[in-house]
Participant: 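Please find one structure pasted underneath; my questions will follow.
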2 protein chains.
Amino acid sequence: MASRVQIAKSILYFMFICVLWQSASSMQYVGPNLNYSYPQTKYFIQKMDHFNPTIDSTYEQRYLISQEYWNKDGGPIFFYTGNEGDITLFVNNTGFIWDIAPQFGAMVVFAEHRYYGKSKPFPDLSPNPDNVHKFGQFTVEQALADYARLITYLKETIDGAKYSHVIAFGGSYGGMLAAWIRQKYPHIVTGSLAASAPVRYFPGLVGCDEYNELVTQDFENVPGGRECTVNIRNSWKTIESVAKQPDGFETLTKVFHLCKSLKDVSSLEDWLSNAWSSLAMVNYPYPTNFLNPLPAWPIQETCKPLSKPKLQGIELLNQVREAAGVFYNYSGQSDCFSLDTEASPGLSAGLWYYQTCTEMVMPFCADGFNDMFKPANWTIEDFTKECQKKFGTTPRPVWPILQFGGRDWSQESNIIFSNGKLDPWSVGGILESQNERILILSIANAAHHLDLRHKNDLDPKSVQIARHQEMETIANWLRQ
Amino acid sequence: MASRVQIAKSILYFMFICVLWQSASSMQYVGPNLNYSYPQTKYFIQKMDHFNPTIDSTYEQRYLISQEYWNKDGGPIFFYTGNEGDITLFVNNTGFIWDIAPQFGAMVVFAEHRYYGKSKPFPDLSPNPDNVHKFGQFTVEQALADYARLITYLKETIDGAKYSHVIAFGGSYGGMLAAWIRQKYPHIVTGSLAASAPVRYFPGLVGCDEYNELVTQDFENVPGGRECTVNIRNSWKTIESVAKQPDGFETLTKVFHLCKSLKDVSSLEDWLSNAWSSLAMVNYPYPTNFLNPLPAWPIQETCKPLSKPKLQGIELLNQVREAAGVFYNYSGQSDCFSLDTEASPGLSAGLWYYQTCTEMVMPFCADGFNDMFKPANWTIEDFTKECQKKFGTTPRPVWPILQFGGRDWSQESNIIFSNGKLDPWSVGGILESQNERILILSIANAAHHLDLRHKNDLDPKSVQIARHQEMETIANWLRQ
């Protein structure tokens with residue numbers, strides 16, 4: 001059961017972390033160019049089902065639009081293909097678009113993904129086996145068609161936009177959508193920047209252990225990292241062995257400063273795994289603010305309490321708690337820890353979980369040998385059972401590869417696939433050259449779509465160069 | 001009412017004529033290379049709904065497969081994207097594929113389009129407002145996904161096929177599907193020959209009168225054609241004026257040798273319009289066999305009885321009957337004419353009609369001035385009313401353009417768009433250069449996808465050259 005829970009939770013990291021990061025950095029790290037007026041919020045009557053002509057119902061899709069920098073005489077439309085969350089989070093946290101919009105004379109549009117944020121077809125949206133019929137249109141294909149239809153509408157109705165080129169932008173799942181909309185609607189989208197887009201993170205195209213291996217490498221590569229990862233690797237057995245003692249749960253509750261008595265050791269393990277995985281994604285070179293604030297290069301900070309070789313027993317667990325505190329309590333404001341690491345309001349981890357239980361089937365496992373995590377298997381059979389129980393859906397692991405091509409992008413054009421070398425999601429990204437019309441950027445010292453963030457004085461040279469290449473490439477597309 | 005009927009019928013020409021032609025030429029004009037063994041018939045368990053993950057039902061899709069010429073060591077798969085009819089008709093009537101398969105060492109697959117032939121998800125398949133829910137999955141997108149899934153399955157399960165290139169072939173609506181599958185699934189289909197594919201025959205991208213204008217030109221360009229078209233143009237008023245006489249319907253029944261008493265003058269007009277339109281599509285240089293046989297260059301033959309200038313009254317109608325007899329009774333076997341021009345068994349004109357009432361919205365009209373047809377308007381409003389009454393569906397004229405790009409193929413690659421200059425469907429084809437990776441072939445003296453037929457000694461030089469270019473281009477794709 002423990003391993004299944006761990007796997008179940010791990011598939012949420014993607015969304016969860018994106019979201020934590022998004023909701024947070026908006027508050028604090030406003031770059032020098034964030035002088036734009038907040039865009040206008042609008043709603044578009046969207047077809048509920050683009051692919052079933054016998055269904056006429058609609059829903060209201062939210063989008064935010066700014067014409068502040070737009071050159072009506074031929075300027076492009078920069079269109080963010082919203083991911084698994086409230087679109088305002090992405091508006092506030094994709095600084096790169098706002099940084100470069102003025103020099104491109106671009107109209108900026110952020111479109112919200114159906115079923116998230118305020119673009120919900122139904123008021124009560126917690127998917128379960130009893131309401132599964134309400135989620136039949138909650139798919140990538142419908143979302144892409146939404147965006148294509150919205151773009152077409154904007155071009156038709158906004159004066160001067162009729163012949164505007166459209167450049168799609170997205171990070172993480174939004175990056176997958178940006179790549180896929182160029183693939184499926186090349187007559188509508190001229191080119192796409194797909195940042196940290198794990199478009200081949202599907203069964204058979206990625207080892208389920210690769211993600212956790214890269215997280216582990218990220219930890220190993222900081223000062224004291226070798227000891228840090230050994231200590232984390234050893235912590236799982238120590239936790240299990242303490243838990244087995246007569247007063248084990250009580251001890252763990254005390255050692256980990258938990259607000260509520262521990263009832264399930266796997267919830268503690270998941271909470272720790274979540275911290276380590278999350279840190280690898282958001283291991284940025286300057287302080288960022290999540291639900292709780294983080295220091296610059298947070299993995300380095302996390303490993304400090306764990307850099308003493310071969311910690312053992314309660315001392316090990318005390319140091320693990322200190323390390324986890326970097327992620328969960330860097331501000332020092334909490335007296336105790338809650339294991340319910342809920343995402344920010346307006347987001348539902350359950351919705352992304354549903355997507356992984358239908359189309360976006362993403363395998364995660366660990367062996368505790370090549371990585372520092374508690375060993376956990378992943379099989380499609382177990383995952384299918386889990387999804388059927390939770391949502392009444394059967395995952396379709398082959399479908400996204402068939403539909404979107406997995407690792408083969410040789411036939412496409414005008415897409416930038418950028419990946420940070422520190423980002424564990426990069427293991428599912430497109431890292432190898434496809435043809436001369438696809439730009440592959442592998443960015444040293446960069447975590448999850450760092451290139452999409454506002455420029456910052458502490459940015460490594462590598463991401464500055466990458467952003468420059470992205471701008472040059474987009475400019476070339478617009479000249480074509 | 002008359003004009004609405006005429007329009008309603010005109011949208012059926014596409015399928016109807018394709019079908020007549022298909023079912024017929026199989027019987028007679030076997031080229032010298034038709035020495036292939038008949039392919040194996042198989043069925044594939046296909047997903048009923050690729051785009052709704054909450055629907056798990058399936059149906060059995062028929063396909064025919066031949067490995068007779070296949071070079072297992074790297075040979076390609078030639079995949080016919082079945083159109084609106086029984087797939088065996090296309091197997092027997094796309095001689096070009098069979099002619100060239102040996103030299104390419106190609107596996108040959110003909111896949112049947114869902115809802116047609118023996119690939120019916122439901123036994124009773126006459127769409128109407130009461131059973132509209134059964135037709136929600138009857139769309140182009142589902143058909144394309146069927147083909148993509150079937151190709152993937154074949155490559156995975158047939159020894160030696162794993163790395164085979166796939167070339168899609170199709171004519172008419174099948175040609176649209178061939179172009180679109182390359183557009184949407186470039187990682188699955190290496191290239192496509194889209195023969196006589198009217199991929200931009202949608203409202204706003206083509207004048208509704210262009211089709212009938214080209215039919216009229218085809219008639220004008222034969223010996224005596226000028227007089228022929230004037231006589232046909234005058235025939236409509238003569239018919240109407242005779243019909244208004246007290247014994248008018250009786251007179252028309254006699255003059256036109258009708259088997260049953262005429263009850264509705266529009267049925268006679270549609271029957272005649274259908275003959276003229278059909279002849280323009282299948283105006284081939286050698287005899288072909290439809291439901292009834294046709295001579296070589298049948299328009300020329302049709303215009304013979306109408307080449308006397310300014311025929312009038314009953315004499316005009318007698319000559320019109322003789323001319324229509326070329327299409328409906330060239331063999332001379334019928335003593336009288338039935339106005340029920342039903343398609344061959346296994347095909348349902350109603351199914352294609354349904355497709356035009358959802359996605360494949362194709363406008364047809366006539367002004368009787370620039371063309372020789374009875375004037376008939378086409379408006380989306382009238383057509384919508386007609387569809388709602390007939391099927392309970394609302395046509396989506398904008399959708400196919402949004403989904404498939406209409407006239408813009410500048411971003412695509414590896415597609416051959418071939419069109420016969422005599423073919424009235426060419427007005428909705430891609431005739432202008434898009435980029436260096438799209439081959440445009442405009443074939444003089446050729447009617448509807450003549451290039452897809454078996455080679456024939458009477459083929460004009462133009463189609464021989466076109467087929468050669470097609471083969472060269474396909475060979476180039478396979479070398480890439």
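Within every chain, numbering begins at 1; the chains are lettered A, B, ... in the order of the sequence lines, protein sequences first and strands thereafter. Because the structure is a prediction, the values reported are computed rather than measured.
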Participant: Where does B/Phe391 contact chain A at under 4.5 Å (heavy atoms): side chain, backbone, both or neither?
Facilitator: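 Answer is neither: B/Phe391 stays 4.5 Å or more from chain A.
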Participant: Answer with side chain, backbone, both or neither: which region of B/Leu144 has an atom nearer than 4.5 Å to a non-hydrogen atom of chain A?
Facilitator: neither
Participant: Ignoring hydrogens, what is the shortest heavy-atom contact between B/Gly136 and A/Pro53? Give both atom names and the distance.
Facilitator: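 That would be O-CD, 3.5 Å.
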Participant: Give, as side chain, backbone, both or neither, the part of B/Leu402 having an atom under 4.5 angstrom from any heavy atom of chain A.
Facilitator: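 Both parts, backbone and side chain.
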Participant: Using non-hydrogen atoms and a 4.5 Å limit, figure out which bit of A/Ile151 sits close to chain B: side chain, backbone, both or neither.
Facilitator: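 Neither; nothing under 4.5 Å.
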Participant: Any donor-acceptor pairs between chain B and chain A, under 3.5 Å? If so, list them.
Facilitator:
{"unit_1": "A/His50", "atom_1": "O", "unit_2": "B/Arg396", "atom_2": "NH1", "d": "3.1"}
{"unit_1": "A/His50", "atom_1": "O", "unit_2": "B/Arg396", "atom_2": "NH2", "d": "2.9"}
{"unit_1": "A/Arg182", "atom_1": "NH1", "unit_2": "B/Gln411", "atom_2": "OE1", "d": "3.1"}
{"unit_1": "A/Arg182", "atom_1": "NH2", "unit_2": "B/Gln411", "atom_2": "OE1", "d": "2.7"}
{"unit_1": "A/Lys184", "atom_1": "O", "unit_2": "B/Lys184", "atom_2": "NZ", "d": "2.5"}
{"unit_1": "A/Lys184", "atom_1": "NZ", "unit_2": "B/Lys184", "atom_2": "O", "d": "2.5"}
{"unit_1": "A/Tyr185", "atom_1": "OH", "unit_2": "B/Gln403", "atom_2": "NE2", "d": "3.0"}
{"unit_1": "A/His187", "atom_1": "NE2", "unit_2": "B/Leu402", "atom_2": "O", "d": "2.8"}
{"unit_1": "A/His187", "atom_1": "NE2", "unit_2": "B/Gly405", "atom_2": "N", "d": "3.2"}
{"unit_1": "A/Arg396", "atom_1": "NH1", "unit_2": "B/His50", "atom_2": "O", "d": "3.1"}
{"unit_1": "A/Arg396", "atom_1": "NH2", "unit_2": "B/His50", "atom_2": "O", "d": "3.0"}
{"unit_1": "A/Leu402", "atom_1": "O", "unit_2": "B/His187", "atom_2": "NE2", "d": "2.8"}
{"unit_1": "A/Gln403", "atom_1": "NE2", "unit_2": "B/Tyr185", "atom_2": "OH", "d": "3.0"}
{"unit_1": "A/Gly405", "atom_1": "N", "unit_2": "B/His187", "atom_2": "NE2", "d": "3.2"}
{"unit_1": "A/Gln411", "atom_1": "OE1", "unit_2": "B/Arg182", "atom_2": "NH1", "d": "3.2"}
{"unit_1": "A/Gln411", "atom_1": "OE1", "unit_2": "B/Arg182", "atom_2": "NH2", "d": "2.7"}

